[in-house]
Amino acid sequence: MIINGFNIAAERVNLLIALTMLYMTVATKPRRTTGLSVVFYGQVLSVINIILHMACIWFIDFSTATGGFIFRITVLLFYATYLGILVLLFTYIHLLSLKQRENLDTLNLAVIAFSAVYIIVVLCIFLTDSYITVVDDQYRFTSLFYINIAFALADVVLVICSAVANRKGIPRVLIKLLYMFVPFETIVLIIQLIQPQFVILSVTYVVPFMLCYIIFHSNIYDEITGCQNKQAFESHIALSKKAKAKNSYVYIMFPRFRNADSVELLETAKKRISTKIRMLEQINSDARVYEMNVYTYAIILPEESDEDVNKTIVTIKKMLDEAMEEWEYSNRPEYKMVVIGGQIRIEDAMQLDVFSNFLFEKSKVDYVNYYEGTAEDFEICIEQKEIEHIIIDIRNKGNLNDPRVIAYVQPIYDVIHDKYSNAEALMRLDVNGKVISPDIFIPLAERVGCIHTLTRIILNKVCYAIYEMQDYYNFEAVSVNVSLTEFMDYCLHDELIEIIKRNGIPCSKIRLEMTETMTSDEIEAINHNMEEFNNAGVHFYLDDFGTGYSNLERIVSLPFKTIKFDKSLLYKSMDDPILLQLIQNMVDVFKSHGLIVLVEGVENQTQAKLSKKIGFEYIQGYNYAAPVPIAKLPEFFEAKRNEMKGCFYQNKRGKVMDRV
């Protein structure tokens, strides 16, 4: 198409491309990253600049004062939007380096300097009308009209300099694209200068913004299911939050696909799932389905009314149940479905992800395939997440005296000598002034890989307390629980023994408790550590005996000194004579092998009498002593020197102790 001697066919095509990309950016919920706003505004300016460029060409043939005014305003806006495009292109490349993203001073200085020079030069040309001339009684552009192209070439140089300087921090794919595209852009700009009658300037900025969108921000639809991915889901959540929209969320998981290694099985599953998605789209056109990964799908249901949402949820479950019935039994994947209602105020996609995983775990514990989250569930989930943050912070700081880990102990009664001579160390966690029990935070610590740090801290605090009282009280030892996963480290003994010795106490004053749930694959590492600990004088309790699956041969083969019977065995034996006789026989067998037997969880006199009758040498439980802060442990032990009773004394660290 020719207008006033200029061929603008390429500009019309680029305008169509720019409008298409802008529509896709708005409609497809792209990944909301730091650079997305740069790409979006770049696309907007691209559309405006192309229109203004073509308008400049159209209005140059003005014949009235009004036409001249419109032309000049159009030229000024053309220059202004082109400056915005150049700045955004340079900014985007600069922001791709994480190092530069954290320090924007260099970017700001470069942008200010570049913009200042551009504005001064353009204003000089604009105010003097140097960009147009009269030829044969018609207005024509001079070469100075294309001064913006000179700045575009300068911008290319700045982009190259920024990319080279930050090449280690910029994605390799972008570096490769720069190597290919920079020469192309330079050639196009030079051609535009040489042959201005062929307008192709927009190619130099429409294509870069298009590539940036496709590579880094586009969320492609799956060709089979028609679903977008997790990034699109997160973008939808962010937009809903901004618009204050109320949504319900349905998560569907197919656990069997988590470790599926059959491509054919996954493809078959996708096809069947896509059929159900098409049915859902017909039932509720507002529902949006996202493929989070190969085994999890998420559905966003805008809440127009609770009745409509509940109806859709019931329909989804019905479709899943029907799909399971249609599936061959041997390949049936089964499903888990959790629902998060709109009454639960979700802050962002990350919080939603955490809560959905929490509900999936809860459904697993409750042995159900459908679970609807409640406000109480959400509060527990948020509390657990806060606990996880505290635990991770404790691990990262690595302070063995961290006050957030509180040491408690439960004294253990010595049946033979009728006194307390041992105790088990127990942990509590201080979370913003609230004391959390180990039943809650220990599984979380194991999940986030922080359990070993907690073990080191509690051991250090126990050793400190033992050092304070070892010269003044008669006692055997204090036991500390150690997670089985920690024994997979062949150097565990070195680290824990070093903590014991650093506190100046004999290793024999520490016992370690380990659960029965060990497998044959773990025996080698466990046996190695146990031998090293035993050689140093640290003896072992086998904790929770009767709840695991280790056989007697394995127990006897490992260097345990004490077998700690779980309370569940004692409770059940009170109503089961056969089990009672079995426990009696096991106690006799362990004693015959030189092992010490202990029972825990004794809460009343009836249980205490039965425990003594069976032959347990040590008894632990509320009937004898409840858990207390470790500072109160000396109250249960026998003082070494009777003449010290009723007196105060100073310990080795100069602190005044309680009366003995």
note = Residues passing the salt bridge (charged side-chain N to carboxylate O under 4.0 Å, His left out) test with Lys632, sequence neighbours excluded, are none

request  = Indicate yes or no: at least one non-hydrogen side-chain atom of Asn503 is less than 4.5 angstrom from one of Ile500.
outcome  = no

note = Across all chains, not counting sequence neighbours, the side chain to side chain contact (heavy atoms under 4.5 Å, CB included) partners of Ile277 are Thr225, Cys227, Ile273, Glu281, Val289

message = Does atom CE (Met324) have a neighbourhood of more than 12 heavy atoms from anything else shown, all under 6.0 Å?
response = yes

ask   = Can you tell if the side chain of Ile394 reaches within under 4.5 Å of the side chain of Thr453, non-hydrogen atoms only?
value = yes

remark   = Scanning both residues in full, the closest heavy-atom pair of Cys463 with Ile510 reads SG-CD1, 4.0 Å

query = Just how far is it from atom CG of Leu558 to atom CE of Met514, taken to the nearest 0.5 Å?
reply = 6.5 Å

task = For residues Met337 and Ile313, determine if any side-chain heavy atom of one lies less than 4.5 Å from a side-chain heavy atom of the other.
result = yes

Check residues 396-405 and write down every donor-acceptor pair under 3.5 Å in which the side-chain atom is one partner and the other belongs to a residue at least two apart or another chain.
residue: Asn396; atom: ND2; partner: Ile392; partner atom: O; Å: 3.3
residue: Lys397; atom: NZ; partner: Asp393; partner atom: OD2; Å: 3.4
residue: Asn399; atom: OD1; partner: Asn401; partner atom: N; Å: 3.0
residue: Asn401; atom: OD1; partner: Asn460; partner atom: ND2; Å: 3.0
residue: Asp402; atom: OD1; partner: Arg404; partner atom: N; Å: 2.9
residue: Asp402; atom: OD1; partner: Arg404; partner atom: NE; Å: 3.0
residue: Asp402; atom: OD2; partner: Arg404; partner atom: NH2; Å: 2.9
residue: Arg404; atom: NH1; partner: Asp393; partner atom: OD2; Å: 2.7
residue: Arg404; atom: NH2; partner: Asp393; partner atom: OD2; Å: 3.0

task = Would you mind reporting whether Met530 and Phe540 have side-chain heavy atoms less than 4.5 Å apart?
result = yes

key: Reported CG-to-CG distance for the pair Asp543 and Leu598, which is rounded to 0.5 angstrom   = 9.0 Å

query = Looking only at side chains, do Glu291 and Gln228 share a donor and an acceptor under 3.5 Å apart?
reply = no

query = Is the shortest distance from a Lys or Arg side-chain nitrogen in Arg502 or Glu498 to a carboxylate oxygen in the other one below 4.0 Å?
reply = yes

Residues Arg456, Glu495: salt bridge by 4.0 Å N-O rule = yes

inquiry  = For a quick test of reading the model, state the closest non-hydrogen atom pair linking Gln410 to Pro627 and the distance between them.
reply    = NE2-CD, 4.0 Å

inquiry  = So, using salt bridge (charged side-chain N to carboxylate O under 4.0 Å, His left out) as the criterion, who are the partners of Glu603 when residues are at least two apart?
reply    = none

task = Applying salt bridge (charged side-chain N to carboxylate O under 4.0 Å, His left out), name anything that partners Glu424, two or more places apart in sequence or on another chain.
result = Lys564

message = Can you give me the closest heavy-atom contact between Val39 and Cys212, atom names plus distance?
response = CG2-CB, 4.0 Å

ask   = Looking at CG of Leu492 and CD1 of Ile526, how far apart are the two atoms once the value is rounded to the nearest 0.5 Å?
value = 11.0 Å

ask   = Of the non-hydrogen atoms in Lys311 and Thr315, which two are nearest, and what is the gap between them?
value = O-OG1, 2.8 Å

inquiry  = Taking salt bridge (charged side-chain N to carboxylate O under 4.0 Å, His left out) as the definition, give me every residue that meets it alongside Lys336, ordered by chain and number, with sequence neighbours left out.
reply    = none

ask   = Can you tell me how far the CD atom of Glu234 sits from the CE atom of Met292, to the nearest 0.5 Å?
value = 6.5 Å

key: Side-chain H-bond candidate by donor/acceptor type, Thr485 with Glu446, under 3.5 Å   = no

ask   = Does one side chain, of Ser568 or Asp566, offer a donor that lies under 3.5 Å from an acceptor on the other?
value = yes

inquiry  = Centroid separation under 6.0 Å, is that true for the rings of Tyr290 and Phe233?
reply    = yes

key: Residue pair Asn293 / Lys230, side-chain heavy-atom distance below 4.5 Å   = no

task = With sequence neighbours excluded, give me every salt bridge (charged side-chain N to carboxylate O under 4.0 Å, His left out) pair touching residues 378-387.
result = Glu383-Lys434, Lys385-Glu388

key: Heavy-atom closest pair, residues Gly373 and Ile344   = O-CD1, 3.8 Å

Pairs flagged by ring-ring contact (aromatic ring centres under 6.0 Å, His included) wherever residues 350-373 is involved - sequence neighbours left out = Phe355-Phe378

task = Could you list all the salt bridge (charged side-chain N to carboxylate O under 4.0 Å, His left out) pairs where at least one residue sits in residues 347-358, not counting sequence neighbours?
result = Lys241-Glu347

query = How about Tyr624 and Ile412: do any of their side-chain heavy atoms sit closer than 4.5 Å?
reply = no

task = Please confirm whether Arg428 makes a cation-pi placement over Tyr408, using NZ or CZ under 6.0 Å from the six-membered ring centre and within 45° of the ring normal.
result = yes

message = Consider ring-ring contact (aromatic ring centres under 6.0 Å, His included). Of Tyr541, Tyr571, Phe545, which one does Phe565 pass it with?
response = Phe545

task = Answer whether the closest heavy-atom distance between the side chains of Thr25 and Tyr213 falls below 4.5 Å.
result = yes

task = Taking ring-ring contact (aromatic ring centres under 6.0 Å, His included) as the test, write out the residues that go with Tyr490, two or more places apart.
result = His528

query = To the nearest 0.5 Å, how far apart are CD1 in Ile237 and CG in Leu352?
reply = 5.5 Å

Ignoring hydrogens and angles, write down the donor-acceptor pairs under 3.5 Å from the side chains of residues 246-255, residues two or more places apart or on other chains.
residue: Asn247; atom: ND2; partner: Ser240; partner atom: OG; Å: 3.1
residue: Ser248; atom: OG; partner: Glu303; partner atom: OE2; Å: 2.2
residue: Ser248; atom: OG; partner: Gly342; partner atom: N; Å: 3.2

query = Does OH in Tyr41 sit with more than 12 non-hydrogen atoms of other residues, nucleotides or ligands closer than 6.0 Å?
reply = no

ask   = Atom CG of Leu459 and atom OH of Tyr464: how far apart are they, to the nearest 0.5 Å?
value = 15.0 Å

message = Just checking Lys567: does its NZ atom have more than 12 heavy atoms from other residues, nucleotides or ligands closer to it than 6.0 angstrom?
response = no

ask   = Heavy atoms, side chains only, cut-off 4.5 Å: are Leu633 and Val478 in contact?
value = yes

Those residues that, when tested against Phe209, pass ring-ring contact (aromatic ring centres under 6.0 Å, His included) (two or more places apart) = none

